Amino acid sequence: MTGSVVQDVGLRGLYEQMLRIRHFEAKLDVLYRQGRVRGPAHLGIGQEAIAVGVASTLGPGDASLGTYRGHAHALARGADPEAVLRELLGREGGICGGKGGSMHITSVAHGYYGSYAIVGGHIPTAVGMAWASRIRRDGRVTACFFGDGTTNIGAFHEAVNLAAVWSLPVVFVCENNQYMEYTPIADVIPVARPAADRAPAYGLEPVVVDGNDVEAVRQTVARAVERARRGDGPTLLEATTYRLGGHSVADGAAYRDPDEVSAAWLRDPVVKAAQRLTETGDATAEETEALVARVKGEMDDLAVRVLEAPTPDAAAAWTGMWSDGSSTWRN
Amino acid sequence: MAQLTYREAVAGALAQEMARDERVVLLGEDVGSGGVFKTTAGLRDRFGTDRVWDTPISEQAIAGAAMGAAAAGLRPVAEIMFSDFYATCWDQVANEIAKACYMTGGQLRMPLVIRGTNGGGLGFGAQHSQAIENWAMCVPGIKIVSPSDPSDMWGLLAAAIRDDEPVLVFEHKALFGTKGEAPAGDHVVGLGEAAVRRTGDDVTLVGLARTVGMCLEAASTLADDGVSAEVLDLRTLVPLDAAAVLASVRRTGRVVIVEENPGQLGWGAGVAAIVAEEAFADLRAPVRRVSGGNVPLPVAAAMEAAVLPSADKVVAAVRDVLTPATVTSATGRG
Ligand SMILES: Cc1ncc(C[n+]2csc(CCOP(=O)(O)OP(=O)(O)O)c2C)c(N)n1
Ligand SMILES: [Mg+2]
């Protein structure tokens, strides 16, 4: 299994990935406002360092699963942005064939086993994948993303408990963006830290990392991945971050204190990575600015191309419920 | 002819498939020690702890772990001790497992089985007695198997494990002690093929799991009165062998569908609708259902019997459809 090969991209590579994801989603936001996206879309603007940092520790044979806020989870593993955008805009050649949409982006070819929209429902699935790895001793590690609000649902507790009891190779990544939908997480948990303070109940160490620092995420997760691969069991990681936009593109997030939001923009993980690159001398400010302009242009071109693509044939709705491509339930 | 029980058939089929395919792994509460109904007896000793996994009391984690293992290429068989408990993990079944293949555009496959004891008649009460096939039948994307005898228990469970789709297998707890012919060799019964258990010309009785026996008993009572009833065992609800039902009804012109779940929205309603829509011209009497009553299941013997379908209720329903002008009330319509 190739799972032990960790991508060695360096900060510059990580920054580029974050930037691409940022501008992919910023473009999507614009397209949504133009009425071109069907259904909801949940952006992870401000949380890119977590998806990218985690993905950078996984090899091609490893697995990850994410949520309805999962464009970044998929793209960071290498999912084709054009196929993702085709899915989001309901065009032919969408990554889920037009059947999944924004909340269910999946790219199994890149080890990304899906985005799920029932809060916490996918955490037991991730545990099952890790269980399979333990049975087969295939060296694969599974990473599973979820939000702070998700630590209050039963599936989370059942899954973390089982992973701990069976010592499974899984890394649970709680993206603590401070809010469930509109309610601050602090209002709905009896502890200070939604994931970390629950970890000891499952015999796990509390691990907290600055989720806006891509290198810190990478280093912390790399240790968790190594531990899982060694057979030493799961890690429950809490990555502290902030959701810079609303819960979904339709949410103006007026329930938040504007000062809180502007303070959070000062901790923008993408800007932070760019600053670090100039500090270390790995890139000049001019270089990062040029890169931003180039990536924006790429996303504009991508959108134009996808909008020109045809929409899928309605007949496809009647295919693919079963794995042989059919959907019949009776004769 | 060697005999075995419905209970032994479960372990027999599991052993057959585990020996045949090392991707088949079991998980559930107490399955290692044989399970509450002794349906997994002997398997851990034979196949080891890498194939038979005892879980915590965590139905969501059990069903979800089966999903993840299936996504990873194993063929897990999960046990939900009593089918009533599906309510605690219905998200996993209805929202995750049933949708995974479709909503990912075919990127995920779910070759898994969830088995559980189902049905009433033993006084287990409101929370351990329900027949819940109808819950599952509301959800496209899962197959539903409900065997009526030991040979089918074996063969259908084996087929479910070999199937590439998610399959829920319902083991009727009142049938565990029933005996039948032991299957010889590699025994598999294809999903989606109803079985004619008795041929007849005057009325078609459609049953599933425990109600098949009721239909057979009713048919022999009716035979004494000169009424010839055909008994069809659906065996699986998805895939549904609607063609077999329609063919029989077109010949007999009358149908009584016998379902254990509450009649207010049972699987029989779906079958009745198919008959009404596709064989109306051949009907000589209204479609009839004998269903479980529309109350939770009580424990006291007389009360539970009153709520469940029975051979007597089937006989009464057949008499009704033989004289359609006098269709009267009936059993199971509470
Ligand atoms: C079981 C369930 N309950 C409620 C919802 C509606 N819902 C969608 S996202 C969300 C908030 C989740 O918060 P969190 O776990 O912090 O993730 P975030 O959205 O912040 O990424 C809610 C309540 C849902 N999808 N599933
Ligand atoms: Mg949140």
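Chain A is the first sequence line, chain B the second, and so forth, proteins listed ahead of strands; every chain is numbered from 1. These numbers come from a predicted model, not from an experiment.
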Nearest 0.5 Å, please: how far is [atom2] in [Y] from [atom1] in [X]?
{"X": "A:H104", "Y": "B:L108", "atom1": "NE2", "atom2": "CG", "answer": "12.0 Å"}
{"X": "B:D91", "Y": "A:H122", "atom1": "CG", "atom2": "NE2", "answer": "11.0 Å"}
{"X": "A:R330", "Y": "B:L237", "atom1": "CZ", "atom2": "CG", "answer": "13.0 Å"}

Side chain, backbone, both or neither: which part of [X] has an atom under 4.5 Å from a heavy atom of chain A?
{"X": "B:D241", "answer": "both"}
{"X": "B:P76", "answer": "side chain"}
{"X": "B:D163", "answer": "neither"}
{"X": "B:T88", "answer": "neither"}
{"X": "B:E193", "answer": "neither"}
{"X": "B:L112", "answer": "neither"}

Side-chain touch [X]/[Y], heavy atoms, less than 4.5 angstrom:
{"X": "A:M321", "Y": "B:C101", "result": "no"}
{"X": "B:K99", "Y": "A:Y116", "result": "no"}
{"X": "A:I135", "Y": "B:V25", "result": "yes"}

More than 12 heavy atoms of other residues, nucleotides or ligands under 6.0 Å from CZ of A:R38: yes or no?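 12 or below, so no.
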Just wondering, are more than 12 heavy atoms of other shown residues or ligands nearer than 6.0 Å to CD in B:Q127?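 Result for CD/B:Q127: open.
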Just by distance, do the side chain of [X] and the backbone of [Y] share a donor-acceptor pair under 3.5 Å?
{"X": "B:Q107", "Y": "A:Y113", "answer": "no"}
{"X": "B:Y102", "Y": "A:A317", "answer": "yes"}
{"X": "A:R136", "Y": "B:A72", "answer": "yes"}
{"X": "B:Q92", "Y": "A:T125", "answer": "no"}

Can you sort out the partners of B:R109 under salt bridge (charged side-chain N to carboxylate O under 4.0 Å, His left out), two or more places apart, ordered by chain and number?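 If we apply the salt bridge (charged side-chain N to carboxylate O under 4.0 Å, His left out) test to B:R109, skipping adjacent residues, there are no hits.
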Check B:V238 against A:W322 and note the closest heavy-atom contact, atom names and distance.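 Result for this residue pair: CG1-CZ2, 4.2 Å.
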Side chain to side chain contact (heavy atoms under 4.5 Å, CB included), that's the test. Do A:R137 and B:D50 meet it? Break it down for me. CA-CA 11 Å; A:R137 299 179 177 83; B:D50 248 16; 3.2 Å; yes
Atom group of [X] that falls short of 4.5 Å from chain B, counting heavy atoms:
{"X": "A:T319", "answer": "backbone"}
{"X": "A:D324", "answer": "backbone"}
{"X": "A:T142", "answer": "neither"}

Tell me which of these, B:I97, B:L246, B:T236, B:I142, has more heavy-atom pairs under 4.5 Å with chain A than the rest.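 Of the options given, most contacts go to B:I142.
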What residue, out of B:A66, B:P140, B:A98, B:P111, has the most heavy-atom pairs lying under 4.5 Å from chain A?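 Most heavy-atom pairs under 4.5 Å with chain A: B:P140.
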Please test A:W166 against B:L27 for side chain to side chain contact (heavy atoms under 4.5 Å, CB included), starting from the C-alpha separation and ending with a verdict. CA-CA 12 Å; A:W166 286 355; B:L27 78 162; 4.3 Å; yes
Picking from A:S115, A:A155, A:G121, which has the most non-hydrogen pairs under 4.5 angstrom with chain B?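 Of the options given, most contacts go to A:G121.
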Quiz: residues 56-64 of chain B side-chain donor-acceptor pairs under 3.5 angstrom, not counting sequence neighbours:
none

Decide whether a cation-pi geometry holds between B:K143 and A:W329; the criteria are a distance under 6.0 Å from NZ or CZ to the six-membered ring centre and an angle within 45° of the ring axis.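 Verdict for A:W329: no cation-pi partner in B:K143.
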Run the numbers on B:E165 and A:S323 for side-chain hydrogen bond (donor to acceptor under 3.5 Å, both in side chains), then give the verdict. CA-CA 7 Å; B:E165 316 306 334; A:S323 55; 2.7 Å; yes
